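Take a look at the structure set out below.
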Amino acid sequence: MTVRTRYAPSPTGEPHLGNMRTALFSWLLARHYGGQFFLRIEDTDQARYVESGIEAQMEALHWLGLTWDEGPDVGGPYAPYTQSERLETYREHAQKLIAGDHAYLCYCSPERLEEVRKAQQARKEPPRYDRHCRDLSPEERRAAEAQGSRPVVRFKTPLDGETVAHDVLRGSVVFQNETLDDFVLLKSDGYPTYHLAAQVDDHLMGTTHVLRGEEWLPSVPRHFLVYQAFGWEPPVFAHLSRILGPDRSKLSKRHGAHAALDYREQGYLPDAVVNFLALLGWSLDDHTEIIDRETLIRHFDLDRVLTNPAVFNAEKLLWMNGVYIREMPDDRLADDAAPFLGRHLGRPVDRELLMGIIPLVKERIKLLGEIVDMADFFFTDGELEYDVEALLGKRYAGDPAAALKALEAATERLEAVDGWEHEKLESAVRPLAEELGVKTGELFGVLRVAVTGKTATPPLFETMEILARERTLDRLRSARERLQAQSTHAK
RNA sequence: GCCCCCGUCGUCUAGAGGCCCAGGACGCCACCCUUUCAAGGUGGAGAUCGCGGGUUCGAAUCCCGCCGGGGGCACCA
């Protein structure tokens with residue numbers, strides 16, 4: 001049997017990280033067994049439909065590299081893959097259930113349902129449909145129809161007995177039928193509910209494994225009942241636990257980024273996010289953390305999936321992203337980081353220059369976007385912006401004249417260097433520290449701020465080498481001028 | 001109120017009766033390396049395995065009860 005899994009989002013908003021993990025696990029399962037993974041759009045709620053929803057879902061999958069074999073955009077043997085285009089199928093199936101005495105037409109108005117619910121709540125009873133229309137006589141039915149109300153189709157849930165639902169991860173879960181009610185299958189607008197549409201489609205489309213969020217667990221007996229009524233074999237269900245925020249409530253906007261694509265904006269790498277998400281509720285063994293896609297596919301299976309909810313550990317994701325950045329080939333890092341710099345500078349970046357910088361920043365950034373703060377000074381011309389205090393540092397605080405002397409001496413030696421390789425620059429300047437009676441770091445610190453405008457930068461001399469002679473000396477001159485002004489001012 | 005799920009270091013997890021007075025990872029602390037920042041290396045703190053009863057020679061692992069957390073109870077998915 002080939003494994004067929006699917007990701008079936010409803011286009012009601014931004015794809016969530018939790019959704020993406022469900023998609024990832026489904027995708028991994030299909031890929032592991034050499035089966036198919038398909039995309040289905042569950043747009044059966046006209047009220048909550050969001051125009052950009054489908055696009056956003058596909059974009060998030062695409063970003064993470066979760067390729068689908070069949071879907072609304074690429075078609076496939078079970079097209080259409082958009083539920084709003086399959087209304088006739090659901091109507092036929094609802095009809096079948098009615099014919100088989102598994103469903104019935106219900107004429108109750110929303111107002112009446114609301115009243116019933118209120119009364120039940122007042123009596124502290126569970127809110128449930130009171131089955132008012134379950135056994136209407138033909139006359140009553142005609143009367144209701146004459147009133148012109150548009151009926152819904154409800155499932156005729158067995159009044160007693162129990163329904164055993166199976167979940168591969170949790171085993172069998174038993175539900176007493178009397179705790180269930182007659183849920184709606186087809187709404188009065190002709191659209192199906194999830195309870196009908198998803199089961200019909202999963203069966204018709206040959207889904208073998210349904211992975212979904214655990215919020216579906218309470219309604220899983222309904223789905224088993226539907227399969228039973230149709231006489232179909234249900235697929236394997238696996239209810240994945242939730243992803244929680246640091247406060248153990250469900251992950252949401254309050255916890256910062258929860259929308260998958262926000263992570264792209266922040267400079268996370270899809271491979272890192274996939275790796276991280278895979279480890280939320282699944283593990284390879286007792287020690288492996290960094291796992292590439294191939295390995296993930298090779299080892300992923302449901303038997304190591306956990307059912308307990310996982311708190312989203314943002315620091316670990318950040319760390320992992322750093323690992324992936326460090327392991328990335330330079331040219332690919334340049335490709336991915338360029339847009340971040342470009343956006344900041346307001347112009348495209350010089351590729352050759354960027355390639356020179358990559359080795360210097362690679363092990364210092366954990367997010368692509370951090371390259372901006374780390375390396376923007378390589379791309380700017382003109383005066384740097386920084387505080388003279390930063391230039392003086394701890395050593396020369398309050399003594400700009402001494403700093404100026406040091407800077408002059410250093411500049412002199414740099415100017416005398418034949419060539420501009422960092423090794424030469426370093427051996428020209430390093431001895432100076434001792435001669436001046438200051439620590440190496442203290443002298444280098446002044447040069448660092450002068451040349452970059454920052455106190456935390458890539459290695460000083462390699463930075464100078466890339467900056468090239470002219471720009472380095474320009475910046476040193478500017479720094480001397482500032483110190484000059486400062487010391488005159490002090491006197 | 002009713003129904004369902006879950007419970008190992010702060011967090012992600014390993015663990016399927018003895019290998020565990022519980023292993024790895026992130027984070028944290030210290031030291032080393034060092035021109036800053038990182039990266040890297042070494043070491044450390046950190047879990048009465050939610051609690052209480054059993055079963056067993058022996059339980060994180062099996063059983064029962066309790067507590068705690070989460071989810072669901074729509075003509076939403």
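Note that this is a predicted model, so its numbers are computed, not measured. Protein chains get the first letters and strands the later ones, always in sequence-line order, with residue 1 at the start of each.
In terms of phosphate contacts, A/K187 brings a side-chain nitrogen or oxygen within less than 4.0 Å of OP1 or OP2 of B/C76. When the side-chain nitrogen and oxygen atoms of A/R212 are compared with OP1 and OP2 of B/G71, none of them lie within a distance under 4.0 Å. In this model, the phosphate group of B/A77 is approached by a side-chain N or O of A/T44 to a distance below 4.0 Å at OP1 or OP2. Taking only side-chain nitrogens and oxygens, A/S283 never comes nearer than 4.0 Å to OP1 or OP2 of B/U13. For the pair A/R248 and B/C12, the criterion of a side-chain N or O lying under 4.0 Å from OP1 or OP2 is met. Remark: A/R123 is not in phosphate contact with B/G1, judged by side-chain N or O atoms under 4.0 Å from OP1 or OP2.
At a threshold of 4.5 Å between non-hydrogen side-chain atoms, the residues A/V184 and A/Y129 do not count as touching. Taking 4.5 Å as the limit, every side-chain heavy atom of A/I325 sits out of range of all side-chain heavy atoms of A/K366. Side-chain contact check for A/L180 versus A/P221: some heavy-atom pair is nearer than 4.5 Å. Side-chain contact between A/Y107 and A/H132 is absent, with no heavy-atom pair separated by less than 4.5 Å. Between A/S149 and A/S109, the closest side-chain pair of non-hydrogen atoms is not below 4.5 Å.
A heavy-atom distance below 4.0 Å to RNA chain B is reached by none of the residues of residues 85-97 of chain A.
Nucleotide B/A39 holds its P atom 18 Å from the CE atom of A/M328, rounded to whole Å. Residue A/F224 contributes atom CZ, which lies 21 Å from atom P of B/C3 at whole-angstrom precision. Counting to the nearest Å, the P atom of B/C3 and the NE2 atom of A/H239 are 19 Å from each other. At whole-Å resolution of the value, CD in A/E125 and C1' in B/C3 are 15 Å apart. B/U36 atom C1' lies 14 Å from atom CG of A/L391, rounded to whole Å. Put simply, CD on A/Q83 is 13 Å from C1' on B/C76, counting in whole angstrom units. Distance, A/E215 CD to B/C6 P: 15 Å, rounded to whole Å. Distance, A/Y191 OH to B/C75 P: 18 Å, rounded to whole Å.
Between A/F183 and A/H223, the distance separating the two ring centers is not shorter than 6.0 angstrom. For A/W216 and A/F237, the distance between ring centers is not under 6.0 angstrom. Residues A/F25 and A/F300 place their aromatic rings such that the two centres sit under 6.0 Å apart.
Pairing for B/C33 is absent, judged as Watson-Crick or G-U wobble with the two contacts each under 3.5 Å. Across all strands shown, B/U55 forms no Watson-Crick or G-U wobble pair with both distances under 3.5 Å. Across all strands shown, B/A47 forms no Watson-Crick or G-U wobble pair with both distances under 3.5 Å. Both distances falling under 3.5 Å, in either a Watson-Crick or a G-U wobble arrangement, place B/C2 opposite B/G72. In this entry B/C26 has B/G10 as its Watson-Crick or G-U wobble partner, both defining distances falling under 3.5 Å.
No N or O donor and acceptor, one from the side chain of A/T307 and one from the base of B/C6, sit under 3.5 Å apart. For B/C76, its base sits under 3.5 Å from the side chain of A/R48 at one donor and acceptor pair at least. Not a single donor-acceptor contact under 3.5 angstrom links the side-chain atoms of A/E363 to the base of B/G40. For A/R364 and B/C37, a side-chain-to-base donor-acceptor distance below 3.5 Å is present, hydrogens and geometry of angles not being considered.
With B/C37, B/G23, B/C12 as the candidates, the nucleotide lying closest to the side chain of A/A456 is B/C37. You'll find that the side chain of A/W319 is closest to B/A25, out of B/A25, B/A38, B/G1. Checked against B/G7, B/A25, B/G71, the side chain of A/R242 finds its nearest nucleotide in B/G71. Comparing B/A77, B/G24, B/U36 by their nearest atom to the side chain of A/W216 picks out B/A77. Checking B/C12, B/A39, B/C3 against the side-chain heavy atoms of A/N313 singles out B/C12 as nearest. The side chain of A/P218 sits closest to B/G72 out of B/U11, B/G72, B/C76. Relative to the side chain of A/L306, the nucleotides B/C75, B/U35, B/A14 differ in distance, and B/A14 lies closest. Set against B/G1, B/G40, B/A77, the side chain of A/P126 has B/G1 as its closest nucleotide. The A/L217 side chain lies nearest to B/C5 when the options are B/U36, B/U8, B/C5. Closest to the side chain of A/P309, out of B/C12, B/C76, B/C6, is B/C6.
In summary, of the residues considered (A/R6, A/H93, A/Q83), a side chain to side chain donor-acceptor pair (under 3.5 Å) with A/D201 occurs for A/Q83 alone.
The 12-atom threshold is not exceeded at CG of A/D373, counting heavy atoms of other residues, nucleotides or ligands nearer than 6.0 Å.
Remark: A/R475 fails to qualify as a cation-pi partner of A/F377 under the 6.0 Å distance and 45° angle criteria applied to the six-membered ring.
Within 4.0 Å of A/P221, counting heavy atoms only, lies no atom of the nucleic acid at all. Residue contacts shown for A/R170 are limited to sugar-phosphate atoms, with no base heavy atom under 4.0 Å away. Residue contacts shown for A/V311 are limited to sugar-phosphate atoms, with no base heavy atom under 4.0 Å away.
Rounded to whole Å, the separation between the C1' atoms of B/C9 and B/A14 comes to 13 Å. B/C49 sits 31 Å from B/C3 when the P atoms are compared, rounded to a whole Å.
Residues A/P192 and A/K316 both approach RNA chain B. Their nearest nucleotides, taken by heavy-atom distance, put A/K316 toward the 5′ side. Position along RNA chain B of the nearest nucleotide to A/L169 versus A/L186 favours A/L169 as the more 5'-ward residue.
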